[in-house]
Peer 1: 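Before I ask anything, here is the structure I am working with.
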Amino acid sequence: MSDSLRDMFFAECEDLLEALSEGLAAMSDGTHDAETVNAIFRAVHSIKGAAGAFALEDIVSFAHQYETVLDLIRSGQLDPDAEVMRAILRSSDVLADLVDAAQNDRTDRPDAMAPLLEQLTRLADAAPAPIATQPPEPEAVFAPMAAMPLTLAPIVGAESRFRIRFRPERALFDNGHDPLRLLRALSALGELTVDCDLSAIPPLGSFDPEESFLAWDMTLTGDIAEGEIRGVFSFVDGLCTLSVEREDDEAPQSTVPNSPLPQPAATPPGEAETPLVNADPPPDPGGERQPVRAGGAAAANAGPARPTLRVDPERVDRLINTVGELIINQAVIGQKIAALGAEPNSEVMSDLDDYRHLARDIQEGVMAIRAQPVKPLFQRMGRIIREAAEAVGKEVVLETEGEMTEVDKTVVERLADPLTHMVRNAVDHGIEPAALRTERGKPAEGTVRLIAAHRSGHVHIAIADDGGGLDRERILGKAVEKGLVSPEAKLTESEIDNLLFLPGFSTASSITNLSGRGVGMDVVKTAITSLGGRVSISSRPGHGSTFSITLPLTLAVLDGMVVTVGDQTMVLPLYSILETIRPQARNVTPLGRGGHVLSIRGAYVPIVSLAHVLGLASEPFDPTRSIFVLIRADGSQPVALAVEAISDQRQVVIKSLEGNYGRIPGISAATILGDGKIALIVDTDTVVAIAAQTPAVQTIRDKEPDHEQLAALG
Amino acid sequence: MSVSVLAIDDSRTIREMVSRTLGDAGFDVTTATDGKAGVAAFEGRRFDAVVTDINMPNLDGFGVIEAIRGGRTNRRVPILVLTTESGPALKERARKAGATGWIVKPFEDRAFVDVVRRVTGGA
């Protein structure tokens with residue numbers, strides 16, 4: 001099977017798995033309506049169907065058993081109680097794992113697969129479905145025509161001569177069959193003579209053109225088995241009167257009209273009269289032929305699918321890029337017209353205003369294409385919680401709110417890891433064991449809530465648990481022990497809570513396989529900061545903790561501060577800026593070789609000359625002639641970035657440099673300002689990292705007591 | 001003139017597969033993403049055969065067959081049902097609705113093409 005088909009299959013699986021978890025989430029919330037259960041069933045069913053074509057046996061057999069249970073729920077034969085829900089939720093995880101394994105050409109099976117299969121089988125068998133206990137349905141095996149004698153009947157040696165009478169019924173025509181094609185197929189088997197019986201045709205007056213009046217008497221000679229002949233008529237079984245006799249036989253071999261095809265297995269009663277013969281693939285050794293409950297498809301009608309348009313993301317990105325140019329072009333024209341002396345209230349200026357509004361509308365519209373609801377992301381967290389809760393033996397449910405909130409696709413994608421980490425943390429550290437919860441008068445089952453909302457041009461995401469809240473004493477103790485704050489430091493509650501985000505901080509006293517691995521919340525913070533976002537934590541002892549994330553709506557525009565560095569205009573991302581400072585000479589102290597520190601409210605912050613870090617300055621750095629922008633990058637300590645002037649604060653369109661120019665350390669992207677000049681956007685994280693090698697920063701990091709104050713600053 | 005087939009399936013993988021298999025065999029294949037779209041496509045053009053999935057959103061395969069058989073034009077077109085379901089009751093229902101034949105997924109390319117040839121007499 002070609003690779004592109006395979007890719008298509010896995011892409012489709014992704015969508016289907018998403019639909020599956022969406023449906024299961026709705027079911028967990030108590031929605032058991034036919035539409036929901038149907039959508040779930042169909043997702044699993046479609047995965048199974050396509051997986052079969054790629055011979056992905058594990059997926060097929062697992063999906064089959066899964067689907068069987070879902071079908072029983074769908075038909076009301078199985079009550080989706082807590083146990084069943086758990087089983088079908090875990091099954092969706094296993095199915096996702098199987099798909100993932102297949103995609104990566106792995107053959108390993110998820111550990112949970114075998115026990116789940118067993119459980120699904122047990123659930124299916126326990127369901128009070130009389131039909132469920134039927135033996136596997138015997139299938140008439142359809143093989144390619146040429147192979148038919150091998151599978152359907154013993155080969156009859158040498159010449160045989162058959163007398164065939166075929167009288168189609170009206171239903172044969174109604175079902176789209178054409179006798180002529182059947183006769184042609186017969187003639188392909190051997191030498192055919194045909195005699196058309198017109199005797200049943202009524203006088204023209206009573207002739208119904210839709211009725212069937214013809215019959216054919218034929219003889220067929222050749223090295224043919226009866227099965228081959230019946231094979232030709234397999235689709236019209238029950239739609240005609242057919243008799244096939246071998247002439248050299250003493251007794252007619254078969255004269256029973258409508259008789260089913262000779263089959264390898266017995267035909268169950270009830271099907272004998274009117275079988276619709278199948279064109280099935282050869283029997284599946286993988287155990288695919290399991291009882292399929294009838295009646296299920298009665299409810300196969302389905303929920304409305306929201307029509308969507310699939311677009312290559314590259315096209316959208318190109319469009320976004322072009323719209324960015326449009327916005328810039330608009331700004332350039334605006335400045336030029338203003339420079340020509342147009343009055344603010346003049347017609348041209350009001351036209352220009354319209355132009356600006358239209359351009360912004362287009363931009364918003366294009367951005368909306370990239371926007372995706374956080375729903376799939378939130379739903380993925382359902383699985384994380386299930387697994388985490390299972391691993392630590394707690395009962396935890398996920399509640400979501402505002403899952404239709406839309407965020408840029410890239411943001412959604414890059415939020416997955418930090419969110420996973422926080423959710424795991426909430427289950428591992430936040431939610432108390434059931435016994436303790438009961439003791440505290442809380443429900444034994446803990447709750448983790450994911451909330452998304454749009455607020456003032458930003459996306460807010462909160463991860464809230466109803467656990468024990470942060471143990472501030474322990475956090476502070478740990479921070480002191482690790483030398484992150486001094487024992488004498490006086491920190492507010494919020495400052496203590498946010499110590500969690502300091503690099504290297506981890507409160508887990510034992511390394512569990514959940515949130516251990518030495519990865520702390522600082523990684524979360526880094527990931528969110530890199531998206532231009534911020535994260536903070538608040539906590540109430542005994543009531544739980546809430547992580548709050550604020551993210552920009554899009555990665556295509558940026559709130560920035562326009563500054564002058566050397567002879568260049570540059571943009572600093574606003575999210576990394578803490579404050580701007582015009583220092584007095586006495587606040588700047590030389591330190592080490594050529595280094596300087598800035599004293600702010602009693603704390604010392606290393607000064608970094610942006611011009612020098614970026615190699616734009618030829619003269620030695622003179623801090624007294626600078627303006628400082630206090631930034632904090634990468635969740636680390638603040639740094640005072642020295643620039644020559646601050647000119648403006650505005651939204652800029654981000655233009656990637658990497659495609660055209662390659663990566664430049666310290667520069668994340670570029671933009672075009674209203675005057676048509678290009679301005680580079682500073683990558684503050686990298687600048688701080690580069691600056692960390694300089695003497696001043698090194699020295700100040702070695703000065704132990706200052707750490708506490710620096711931590712308190714940010 | 002090439003033989004035209006309308007393939008209706010909500011799985012894009014299967015649609016593509018059917019499309020390629022029949023296309024390679026010389027059929028002229030049109031696809032539709034669900035029953036409703038399939039019936040609409042059918043009404044817009046004369047097809048020599050229809051291959052339809054059963055389990056689909058909006059309108060399932062039975063609905064498709066009933067719509068075509070109860071329609072005004074080309075209502076005796078051969079309709080093949082392509083599905084993973086193989087229960088006898090389902091087949092009976094499809095046949096009652098007017099299905100011409102039945103192919104169970106996964107299919108072998110050759111067997112599939114043979115069946116479509118058989119009901120269309122072409123390509």
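A, B, ... follow the sequence lines: proteins, then strands. Residue 1 opens every chain. Source: prediction; values computed, not measured.
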Peer 1: Could A:Arg170 and A:Asp174 be called an ion pair, given the rule that one side-chain N must be under 4.0 Å from one carboxylate O?
Peer 2: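 Yes.
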Peer 1: Check step by step if salt bridge (Lys or Arg N to Asp or Glu O under 4.0 Å) holds for B:Arg12 and B:Glu16.
Peer 2: CA-CA 6 Å; B:Arg12 61 177 187 274; B:Glu16 183 65 19; over 6 Å; no
Peer 1: Could you tell me whether B:Asp28 and B:Arg45 make a salt bridge, using a distance below 4.0 angstrom between a side-chain N and a carboxylate O?
Peer 2: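 Salt bridge between B:Asp28 and B:Arg45, a charged N being under 4.0 Å from a carboxylate O: yes.
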Peer 1: Looking at A:Phe41, is A:Arg74 sitting on its ring face, NZ or CZ under 6.0 Å from the six-membered ring centre and within 45 degrees of the normal?
Peer 2: yes
Peer 1: Taking side chain as everything from C-beta outward and backbone as N, CA, C, O, which of these in A:Ala39 sits under 4.5 Å from a heavy atom of chain B? Side chain, backbone, both or neither.
Peer 2: neither
Peer 1: Considering heavy atoms only, which positions within residues 67-75 of chain B lie below 4.5 Å of chain A?
Peer 2: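 When heavy atoms of chain A are the reference, residues 67-75 of chain B contributes B:Arg69, B:Arg75 within the under-4.5 Å range.
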Peer 1: Does A:Leu72 offer a backbone N or O that forms a donor-acceptor pair with the side chain of A:Ser75 under 3.5 Å?
Peer 2: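 Yes.
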Peer 1: For residues A:Asp33 and A:Thr36, is any side-chain donor paired with an opposing acceptor at under 3.5 Å?
Peer 2: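 Looking only at side-chain atoms, A:Thr36 and A:Asp33 do form a donor-acceptor pair, the distance falling under 3.5 Å.
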Peer 1: Which atoms of B:Leu80 are under 4.5 Å from chain A, going by heavy atoms: the side chain, the backbone, both sets, or neither?
Peer 2: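 It is the side chain, since no backbone atom gets that close.
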Peer 1: State which residues pass side chain to side chain donor-acceptor pair (under 3.5 Å) with B:Asp24; sequence neighbours excluded, sorted by chain then number.
Peer 2: none
Peer 1: Contact part of A:Asp178 toward chain B, heavy-atom cut-off under 4.5 Å: side chain, backbone, both or neither?
Peer 2: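 For A:Asp178, neither part sits under 4.5 Å from chain B.
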Peer 1: Between B:Arg15 and B:Asp10, does any NZ, NE, NH1 or NH2 come within less than 4.0 Å of an OD or OE carboxylate oxygen?
Peer 2: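 A salt bridge is absent here (no side-chain N lies under 4.0 Å from a carboxylate O).
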Peer 1: Answer with side chain, backbone, both or neither: which region of B:Val119 has an atom nearer than 4.5 Å to a non-hydrogen atom of chain A?
Peer 2: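 Both backbone and side chain of B:Val119 come within 4.5 Å of chain A.
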